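Below: the structure, in structure tokens.
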Number of protein chains: 2
Amino acid sequence: MTLAEENYLKAIYHLEQQFPKGVSTNALAEEMKTKASSATDMVKKLAEKNMLTHIPYQGATLSDAGRDYAVNVIRRHRLWEVFLVEKLNFTWDEVHEVAEHLEHIQSDKLIDELDAFLGHPTNDPHGDPIPDKAGNFKHIEKIVLAKAEVGATYKCVGVDDSSSKFLKYLDSNKIALGTVITINHKEPFDNSIKISLENSEIVVSQSVAKNLYIKKV
Amino acid sequence: MTLAEENYLKAIYHLEQQFPKGVSTNALAEEMKTKASSATDMVKKLAEKNMLTHIPYQGATLSDAGRDYAVNVIRRHRLWEVFLVEKLNFTWDEVHEVAEHLEHIQSDKLIDELDAFLGHPTNDPHGDPIPDKAGNFKHIEKIVLAKAEVGATYKCVGVDDSSSKFLKYLDSNKIALGTVITINHKEPFDNSIKISLENSEIVVSQSVAKNLYIKKV
DNA sequence: TATAATTTTTAGATTTGTCTAAATTTTAAT
DNA sequence: ATTAAAATTTAGACAAATCTAAAAATTATA
């Protein structure tokens with residue numbers, strides 16, 4: 001599996017959550033920031049390698065082998081993210097790019113030892129679960145802040161958008177994973193939400209509310 | 001700089017120690033396990049990028065920029081080797097291959113933080129010096145075991161050949177970096193050397209003696 | 001110093017992953 | 001049910017890094 005192939009597998013895996021019936025060429029091209037013709041070429045190649053099935057004009061669906069492979073790449077990525085934050089003083093908005101490179105290094109011993117060195121972490125710095133060696137991982141029952149009930153109390157458990165901009169916004173508002181918040185008011189006009197933190201009360205926009213995952217405490 | 005370019009720079013840097021007047025195309029091709037025509041192509045490309053000067057039919061010499069770049073790749077490689085041995089339980093014969101990949105990841109913060117995390121090590125697991133951030137490193141005054149004096153006592157400080165086979169040979173004979181040895185006898189017939197270790201006396205062949213670096217204690 | 005042997009370079013082809021532009025298929029709209 | 005729009009695929013081209021085979025330059029030899 002080449003670097004490009006691994007990146008496509010990962011992209012298809014992510015898109016399958018959103019489009020379980022098959023990932024379209026256009027969606028894949030957009031995710032990979034490339035052109036539809038390139039996506040078609042790669043999908044064909046991955047189909048040849050039995051990593052996915054492709055019905056022309058219909059879409060692509062990962063095979064078991066392809067899904068396993070993608071999950072393994074995700075495992076590598078998330079373990080490196082934990083390493084960067086916990087051992088090398090990276091902040092959660094800095095890790096993604098470097099982990100994109102580290103994730104492609106192929107060595108089972110490397111990843112198994114890294115996993116042990118980190119104490120078998122179950123979640124990466126953005127709250128996403130880390131698959132174990134067999135590819136299994138737990139879904140936490142999380143909801144998006146936008147769907148929170150007024151008056152209830154929640155804990156922040158993850159982000160949908162892990163762009164540097166969004167993460168820095170959260171930092172500057174003292175919102176981190178584990179932060180406990182209470183929903184004070186939902187404004188119907190613009191879908192903004194007023195929340196209480198430990199020492200502050202802030203209003204977050206709809207776009208923030210749609211990208212922050214929370215869980216009832 | 002692409003991955004291939006970095007590998008060529010490193011190879012030319014190593015060969016310059018042996019051929020200070022210029023690295024020949026054939027020597028470079030052999031080091032890179034490729035063909036002379038490929039080496040020519042890459043040398044031309046690196047000359048375009050001002051990483052080296054190339055006189056056709058004469059050889060290649062790194063520019064200051066090229067040498068700095070090569071030293072930086074070597075720094076990355078050796079720091080990762082230390083990480084693998086000290087933190088992830090790799091043995092000194094297992095690290096090279098994985099470090100070959102890790103060394104190409106481009107992130108100053110990554111390497112600076114890794115360096116600090118490891119406590120600014122000065123030597124890699126094979127005894128080779130690790131350049132600091134500015135590219136400076138100390139040469140230890142070491143000699144090859146083959147040149148040792150009979151009766152004298154030395155400390156093992158490095159290896160010339162870091163192949164798994166050679167390192168495993170040293171392991172099985174309880175020779176590690178830091179091991180103190182005494183030279184008992186040099187056999188003129190086959191240039192083998194009889195040495196004493198802490199709890200044993202062994203005879204090493206000429207090829208071993210030429211690949212183990214030692215230093216007077 | 002010619003000539004042979006070796007080394008190096010050039011020329012042209014190949015693979016991977018990408019692109020643009022054109023052709024084809026599917027979906028949507030009238 | 002046609003036609004228009006959108007999505008997808010195909011065809012052909014390109015850059016990077018490699019290869020083989022042939023040409024050119026250098027070095028060694030007789």
Side-chain angles (χ1 to χ4, degrees), chain A residues 1-13 15-16 18-62 66 69-70 73 100-101 103-106, chain B residues 1-13 15-16 18-62 66 69-70 73 100-101 103-106:
Chain A
M1 267 318 99
T2 68
L3 193 143
E5 288 168 347
E6 287 193 352
N7 284 331
Y8 271 92
L9 281 181
K10 210 172 37 138
I12 296 166
Y13 179 86
L15 290 167
E16 271 193 346
Q18 206 181 328
F19 309 106
K21 291 168 195 162
V23 174
S24 74
T25 299
N26 260 8
L28 182 55
E30 193 187 0
E31 176 86 7
M32 292 299 296
K33 294 185 164 80
T34 184
K35 296 298 152 73
S37 53
S38 308
T40 300
D41 287 348
M42 186 55 87
V43 161
K44 275 194 199 163
K45 188 152 54 130
L46 290 170
E48 286 265 310
K49 294 195 173 192
N50 296 311
M51 288 289 134
L52 51 80
T53 51
H54 179 228
I55 305 169
Y57 297 99
Q58 296 285 106
T61 313
L62 291 178
Y69 202 106
V73 177
E100 283 290 301
H101 295 282
E103 74 185 11
H104 296 295
I105 292 171
Q106 316 259 12
Chain B
M1 269 316 102
T2 68
L3 192 143
E5 288 169 347
E6 289 194 350
N7 284 331
Y8 271 92
L9 282 180
K10 208 171 39 138
I12 296 165
Y13 179 86
L15 290 167
E16 272 192 345
Q18 205 182 330
F19 310 106
K21 290 168 196 161
V23 173
S24 74
T25 300
N26 261 7
L28 181 55
E30 194 187 358
E31 176 87 5
M32 292 298 297
K33 294 187 165 80
T34 184
K35 295 299 150 73
S37 54
S38 307
T40 300
D41 287 348
M42 186 54 88
V43 162
K44 275 195 203 163
K45 188 154 51 132
L46 291 170
E48 287 265 310
K49 293 195 173 190
N50 296 312
M51 290 289 134
L52 51 81
T53 52
H54 179 228
I55 307 170
Y57 296 100
Q58 297 284 105
T61 313
L62 290 178
Y69 202 106
V73 177
E100 283 291 300
H101 295 282
E103 73 185 11
H104 297 296
I105 292 171
Q106 318 258 15

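Proteins get letters first, then strands, A, B, ... in listed order; numbering begins at 1 in each. Because the structure is a prediction, the values reported are computed rather than measured.
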Please check the phosphate of [N] (OP1 and OP2 only) for any side-chain N or O of [X] closer than 4.0 Å.
{"X": "K35(B)", "N": "dT18(D)", "result": "no"}
{"X": "T40(A)", "N": "dT8(D)", "result": "no"}
{"X": "K44(B)", "N": "dT10(C)", "result": "yes"}
{"X": "T2(A)", "N": "dT16(C)", "result": "no"}
{"X": "Y8(A)", "N": "dT18(C)", "result": "yes"}
{"X": "S37(B)", "N": "dC19(D)", "result": "no"}
{"X": "H54(A)", "N": "dT9(D)", "result": "yes"}
{"X": "N26(B)", "N": "dT8(C)", "result": "yes"}

Closest-nucleotide ordering on DNA chain C, the 5'-leading residue of L3(A) and Q58(A):
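First, find each residue's nearest nucleotide; the 5'-ward one identifies L3(A).
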Expressed as a whole number of angstroms, how long is the span from [X]:[atom1] to [N]:[atom2]?
{"X": "D41(B)", "N": "dT8(C)", "atom1": "CG", "atom2": "C1'", "answer": "12 Å"}
{"X": "K49(A)", "N": "dT16(C)", "atom1": "NZ", "atom2": "P", "answer": "8 Å"}
{"X": "K33(B)", "N": "dC19(D)", "atom1": "NZ", "atom2": "C1'", "answer": "18 Å"}
{"X": "L28(B)", "N": "dT9(C)", "atom1": "CG", "atom2": "C1'", "answer": "14 Å"}
{"X": "K21(A)", "N": "dT27(C)", "atom1": "NZ", "atom2": "P", "answer": "13 Å"}
{"X": "I55(A)", "N": "dA7(D)", "atom1": "CD1", "atom2": "C1'", "answer": "16 Å"}
{"X": "Y57(A)", "N": "dA6(D)", "atom1": "OH", "atom2": "C1'", "answer": "12 Å"}
{"X": "M42(B)", "N": "dT10(C)", "atom1": "CE", "atom2": "C1'", "answer": "17 Å"}

Regarding K35(A) and E30(A), does a basic nitrogen lie under 4.0 Å from an acidic carboxylate oxygen?
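No, this pair does not count.
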Read 5' to 3' with Watson-Crick or G-U pairs under 3.5 Å, [ ] for crossing pairs and | for partners on another strand, DNA chain C gives ||||||||||||||||||||||||||||||
From the set dT9(C), dT18(D), dT8(D), return the single nucleotide nearest to any side-chain atom of P56(B).
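It is dT9(C).
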Atom OG1 of T25(A) and atom CE of M42(A): how far apart are they, to the nearest 0.5 Å?
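One finds 13.0 Å between OG1 of T25(A) and CE of M42(A).
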Reported CD-to-CD distance for the pair Q18(A) and E31(A), which is rounded to 0.5 angstrom
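The distance works out to 8.5 Å.
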Would you mind reporting whether I105(A) and H104(B) have side-chain heavy atoms less than 4.5 Å apart?
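They are not in contact (no side-chain heavy atoms under 4.5 Å apart), so the answer is no.
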Which is true for S38(B) with a 4.0 Å heavy-atom rule: it touches a base, it touches only sugar-phosphate, or it touches nothing?
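Base, at least one base heavy atom under 4.0 Å.
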Between Y69(A) and E5(A): side-chain donor-acceptor atoms closer than 3.5 Å
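Per modelled atom types, Y69(A) and E5(A) side chains form no pair under 3.5 Å.
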Checking N50(A) now: which residues fulfil side chain to side chain contact (heavy atoms under 4.5 Å, CB included) with it, not counting sequence neighbours?
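Testing N50(A) for side chain to side chain contact (heavy atoms under 4.5 Å, CB included), a comparison that skips the adjacent residues, returns none.
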Please enumerate all residues that pass side chain to side chain contact (heavy atoms under 4.5 Å, CB included) together with Q58(A), with sequence neighbours excluded.
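For Q58(A), the residues satisfying side chain to side chain contact (heavy atoms under 4.5 Å, CB included) (neighbours in sequence not counted) are I55(A).
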Which atom of A36(B) lies closest to which atom of N26(B), heavy atoms considered:
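Nearest pair, atom of A36(B) first, then N26(B): CB-OD1, 3.7 Å.
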